[in-house]
Each structure stands twice: as C-alpha cells, then as structure tokens.
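By convention in this document, chain letters (A, B, ...) are assigned in the order of the sequence lines, proteins followed by strands, and residues within each chain are numbered from 1. None of the values given here were measured: they were computed from a predicted structure.
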Amino acid sequence: MTGDALLKAEDIRVTFEIYRSGGMPWEKPLALHAVNGVSFELRAGETLGIVGESGCGKSTLARAIIRMVPATGSARWNDEADLLKLSPREMMRYRSDIQMIFQDPLASLNPRMQVGDIIAEPLITHQKGVSKSEVRERVQEMMSRVGLLPNQINRYPHEFSGGQCQRIGIARALIVRPKLIICDEPVSALDVSIQAQVINLLMELQRELGLALMFIAHDLSVVKHISTRVMVLYLGRVMEVAPSDELYAAPQHPYTQTLLSAVPIPIPRSSATRRRFPLKATCRAPQSAIRLRVPHALPPGDGNLYRGGSGSPR
Amino acid sequence: MLIERQKMESLSEALADRVEKGRSPWADARVRFFRNRQAVIGLCLLIFVLAFAGFGPLIARWPIDEIDFMVMGDIVRDGAPSLANGHYFGTDDLGRDLFARTVLGTQISLAVGLIGAAIAVIVGTIYGAVSGFLGGRVDNVMMRTVDILLAIPYMFVLILLLVMFGRSVVLLFVGIGLLSWLDMSRIVRGQTLSLKGREYVEAARATGVASSTIIRRHIVPNLLGVVIVYATLLVPGMILSESFISFLGLGVQEPLTSLGALISEGAATMNYGTLWQLIFPLFFFIVTLFSFFFWATVCAMH
C-alpha cells in the first residue's frame with residue numbers, strides 16, 4: 001500500500017464495560033470487545049465494504065472513527081492528524097470531511113424540520129458565514145443532484161417515501177463536500193428496486209466527486225456490487241481483507257467461506273447441490289469462540305474474547 | 001397552435017416555480033382537531049370563559065369594591081340577580097356587585113393557572129431536557145435534586161410562605177409555579193432519554209452540532225407534544241390549588257378575589273337563601289376546568 005491513504009486505521013479497539021445486573025458497585029465489570037484490533041486503509045475514490053453478521057462490530061467501528069464511542073488505537077487522517085487523539089474542538093475541523101448515512105432513512109430525519117433545514121444543517125454548522133439565500137441555493141442544487149425535486153424544499157420528512165428519505169440523507173451528507181462518507185447499512189431498510197437506485201446514486205456521486213466510501217452492510221451481493229475491497233469482520237476482528245472480486249471468487253478464510261456459502265441463490269434448485277459450511281455451535285461461547293463456531297481449523301483465539309447476551313452493541 | 005404551446009410553456013413554468021408548501025405535523029394535527037367535535041366544544045367553552053374575563057369589565061355597571069347601600073339592608077330580598085339595578089349576578093353578602101367580582105375572580109384564576117403553567121413548562125422543559133440529554137452524573141445530580149424537592153410537602157410550604165410573608169398574588173404565582181415544574185421536568189427527562197437515541201440526534205452529533213443547539217433544534221420541538229398535553233392538564237390543577245388556598249383564606253387579598261374565594265364565601269351563606277352567591281362563581285369555575293380538561297383529553301388522544 002502506498003502512503004497516500006485518506007484514512008489509515010491501526011489496531012482500533014472498542015471495549016464496552018458491562019456491569020452485571022444486580023452486581024455490587026465495586027465488582028469489576030466484564031469487558032466486551034466490540035471491536036478488537038481492526039486495521040485498514042482507505043484511499044480517495046475507493047470503497048471499502050464491511051460485512052459480517054449482526055453484532056460483529058461493523059457499526060461500532062464506524063462510530064469509533066467519528067468518535068461517537070470511545071476507542072483506542074489510531075486513525076490517521078490524510079497523514080495530518082490522528083482522529084482518535086484529537087480534542088473535541090480540533091475534531092470539529094474534520095467532522096465536515098467525514099459524513100455519515102444511516103440505516104433507517106425516516107428515523108434519521110427530524111420529523112419537525114423541513115427538508116431544506118435538514119439538508120442545510122451540516123452546512124450552517126461548519127460554514128458560519130454563509131448567507132441564507134446561498135444556503136437555500138446550495139440545498140436546492142444538492143437536492144436536484146440526488147434526484148429530488150428542488151421545489152419540495154419546504155416539505156416535511158413524513159411526506160416522502162423511504163427511498164426519497166434516503167436521498168435526503170445523502171444530500172445532507174454531501175452538502176459540506178466531504179471526503180469520506182460512512183454508509184451504515186444505507187439500503188437495509190429499503191426494498192430491492194429502491195436499493196439499486198440508491199446504490200447506483202452513491203456510485204455515481206462517488207465517481208463525480210472522488211469520494212471514499214465505507215460501506216457497511218450485511219447483504220453480501222450489494223457489497224460486492226459497490227466495493228473495491230471488502231473487509232470481513234467477525235466478533236470484532238478482521239477475518240479477511242481482499243479486493244472484491246478475489247474475495248468473492250476465492251474466499252481464503254474459513255469464516256468468509258461460511259458467510260458466502262450462506263448467501264441465498266436466485267434459483268433455489270441449485271442450492272440443493274451446493275456445498276454449505278454451517279456453523280456448529282449456536283450459542284456464543286465466551287472463549288475461543290471462533291474455533292468453536294467455524295468448522296475448519298483456525299488459529300486459536302487469544303482467550304480475551306467475551307460476548308454477553310445475544311444483542312449487538314450499538 | 002403557437003399560442004397553445006406558449007400557454008402550455010408558461011403554465012409549466014409557473015408550476016415549476018411554485019414552491020410546494022409542506023404540511024407540518026402541526027398542520028395535520030390542526031385538521032384533525034377541527035374534525036373532532038369534543039375538541040371544538042372545549043375550544044368554544046374556553047373562548048367563552050376568556051371573553052367573559054376579557055370583556056366582563058366593560059359590561060359590569062358596578063366596580064368590584066363599591067357597596068350598594070340600596071340592597072345592603074336585606075340581601076336575600078333586594079340583592080338577587082336583576083337587570084334593573086345592574087347586579088346581573090346579584091350581590092355578595094356585603095352588597096358588592098357579584099358580576100364584577102366574578103369577572104375579577106375568573107381573571108385572577110386564569111392568570112394563576114396560565115402563569116403557573118407557563119413557569120412550569122419553561123423551567124421544567126429546559127431542566128428536564130438538559131438533564132436527560134447530558135445524562136450520566138449530571139443527570140443523576142439534577143434528578144436527585146428534583147426528588148428531594150418533591151419530598152417536601154408543597155401545600156404546607158406554600159401556606160407557611162403565605163403566612164410568613166403575608167398574602168400576596170405575586171407570592172402565590174411564584175410559589176405555585178416554582179413547585180409545579182418538578183413533575184414536568186421528570187416527564188420531559190424521560191421523553192428526552194428516548195429521543196436522545198434517535199438516529200437524527202446521532203446524525204446531528206456526528207456532524208458536530210453543539211449540544212445546546214441539538215437540545216434547541218432537535219430535542220425540544222419533538223418534546224412539544226407531550227409538554228402541551230401536560231401543560232393543559234396543569235392549568236386546571238393550578239386553578240384548583242389556588243382555589244384551595246383561597247378557600248382556606250390564604251390566597252388573594254381583599255378587595256381582590258378569585259373564584260376559589262368567591263365559592264368559599266358563597267358556600268358560607270348558602271343556607272340563608274342567597275344561593276346565587278355560590279352558583280355563579282361555581283359555574284365559571286366548572287366551565288373553565290371543563291374546557292381545559294376537554295382540551296387536554298383531545299390533545300392526549302393525538
């Protein structure tokens with residue numbers, strides 16, 4: 001890899017402390033390693049797909065990078081600064097460079113605000129001196145760019161469909177001309193035809209503006225379509241990182257093979273003949289979970305992995 | 001043909017130019033409100049009470065504190081409601097015009113209710129939203145303070161204050177208002193906790209919007225539904241507690257009066273054949289409470 005990475009993350013760890021319910025205040029909390037030493041690189045114009053099952057730390061990783069959850073490690077931005085070590089005030093400078101698109105399109109828009117104000121929010125937060133008419137102009141320009149009618153600027157989110165709401169979310173992310181967009185399962189809540197529209201819009205915008213994308217999803221075929229490289233996460237760890245084509249053609253890691261073998265196939269008859277690698281144990285074991293669940297041989301875990309409950313940490 | 005085409009072009013331009021006006025959730029609520037008969041009745045009653053308090057002094061032919069010596073001798077016989085001598089609601093026990101006094105009483109009761117509720121809404125909303133949004137230790141300290149204040153028997157403190165510092169309307173306002181925001185702040189805090197996890201708040205935080213702006217722009221507008229319902233329930237509550245204190249004889253000072261004080265005086269003489277002294281204040285008291293409760297139930301349903 002060259003040194004011109006836009007974002008270079010090294011050994012990112014997010015640990016949540018879990019206090020046992022009914023436990024005494026002086027008892028040591030259990031540590032849940034939601035993200036456990038993840039490293040990756042992302043260059044401008046590139047898309048990094050992040051896949052994995054529910055609760056494997058995909059969203060937590062994204063939240064760690066924009067400092068929504070405390071994390072250790074380093075995330076060097078453009079070789080200028082380490083995002084994880086900046087003070088909140090210094091971080092403000094970089095927040096306009098990194099924007100986020102959320103999973104539930106309607107829930108990510110304030111129901112009491114007009115669409116124009118929603119889209120303008122990052123702009124008026126980061127560029128204080130912009131006049132009202134200019135803000136309006138830029139919002140309308142952005143709206144037509146993402147395929148919304150600019151004259152709907154005064155409408156409220158509940159008047160739009162899910163796909164349109166996601167377009168509003170994309171417009172809000174793009175209005176400050178960011179360099180990186182973190183897409184946290186942006187199409188999971190949409191139906192298939194709208195998914196395609198949104199994905200194609202994202203790819204088109206990426207080409208035009210030279211954006212880097214971090215694309216989190218659990219739909220493997222969508223990730224394959226959009227990503228240049230794919231990173232497979234499992235229980236907070238990177239299983240495999242490879243260029244998209246290679247990963248899908250020849251998965252190296254047993255977990256990746258298992259994951260890919262579970263992808264539904266359009267013609268069900270052929271699925272009878274294909275080979276599946278089911279996971280053996282269904283419960284999540286506290287230690288060396290990877291060895292237990294992935295049927296093939298695997299280097300043993302370091303034993304500090306703990307998973308409590310079945311819910312995913314968010 | 002050419003004209004037709006020009007027409008069509010100008011029409012399409014005009015359509016494209018027109019900025020579509022969005023219907024806010026509030027506009028939706030307004031439409032539903034006016035379809036609801038209960039709500040409209042409540043609103044009409046409220047307008048009636050407000051009009052009575054507002055325009056009553058223009059109609060009254062007697063001032064609130066002038067004793068009519070013509071009827072003073074025998075209130076039961078001469079002081080009954082009559083259009084002829086200008087005592088529309090009759091006179092009270094001392095021969096003062098009851099119409100003017102009921103108007104004044106309604107004004108004061110409404111003022112206590114509305115101002116008290118306004119203090120509760122403003123203080124309670126800000127306190128609760130800040131506490132809920134900041135969370136953690138700050139939240140703990142702020143909410144425990146509320147718990148401690150709630151543990152103080154508030155009617156007792158209010159009565160003590162009125163006895164110690166003398167009876168005054170201002171003290172009554174301050175006393176009732178400052179003690180009533182506690183429940184409000186708890187409700188608002190609970191609501192804020194659930195709003196805090198919403199994705200649009202997260203989106204605002206991710207883009208770096210300051211906490212105070214998030215509270216103002218994202219939290220408070222979404223709280224308003226709950227706050228308004230609780231405030232409409234609070235107004236009659238305020239009027240009731242003011243009436244209770246006036247009933248005890250500690251509320252507003254003569255010659256000022258409130259509905260509670262008037263009812264108290266009317267109740268004292270109801271055995272002597274001057275029932276109008278009780279009925280008129282009581283009627284306006286009930287209508288006021290009724291309209292607010294009506295309204296609150298309707299708000300709560302939506």
Is there a donor-acceptor contact under 3.5 Å linking the side chains of A:Gln206 and A:Thr47?
yes

Looking only at B:Arg198, B:His218, B:Arg205, most heavy-atom pairs under 4.5 Å shared with chain A are made by B:His218

Take a 6.0 Å sphere around CZ of B:Arg137 and say whether it holds more than 12 heavy atoms from other residues, nucleotides or ligands.
no

Flag side-chain contact, heavy atom, 4.5 Å: A:Ile181 against A:Ile98:
no

Donor-acceptor contact below 3.5 Å, side chain A:Lys85 vs main chain A:Gly73:
yes

Please say whether more than 12 non-hydrogen atoms of neighbouring residues, nucleotides or ligands are located less than 6.0 Å from CZ in B:Phe290.
no

Most contacts with chain B, counted as non-hydrogen pairs under 4.5 angstrom, among A:Met113, A:Arg172, A:Glu121:
A:Glu121

Part of A:Met91 lying under 4.5 Å from any heavy atom of chain B
neither

Okay, A:Arg67 and chain B: the region with an atom under 4.5 Å from a heavy atom over there is neither

Do A:Tyr94 and A:Asn78 have side-chain N/O donor and acceptor atoms under 3.5 Å apart?
no

Contacting region of A:Ile124 [heavy-atom separation from chain B under 4.5 Å]
side chain

For A:Ile66, is it the side chain, the backbone, both, or neither that has a heavy atom closer than 4.5 Å to a heavy atom of chain B?
side chain

If you tally heavy-atom pairs under 4.5 Å between each of A:Met92, A:Met100, A:His126, A:Met68 and chain B, the highest tally belongs to A:Met68

How many angstroms lie between atom CG of B:Leu50 and atom CG of B:Leu45, to the nearest 0.5 angstrom?
11.0 Å

Which residue out of B:Asn222, B:Thr213, B:Val201 racks up the most heavy-atom pairs below 4.5 Å with chain A?
B:Asn222

Contacting region of A:Thr125 [heavy-atom separation from chain B under 4.5 Å]
side chain

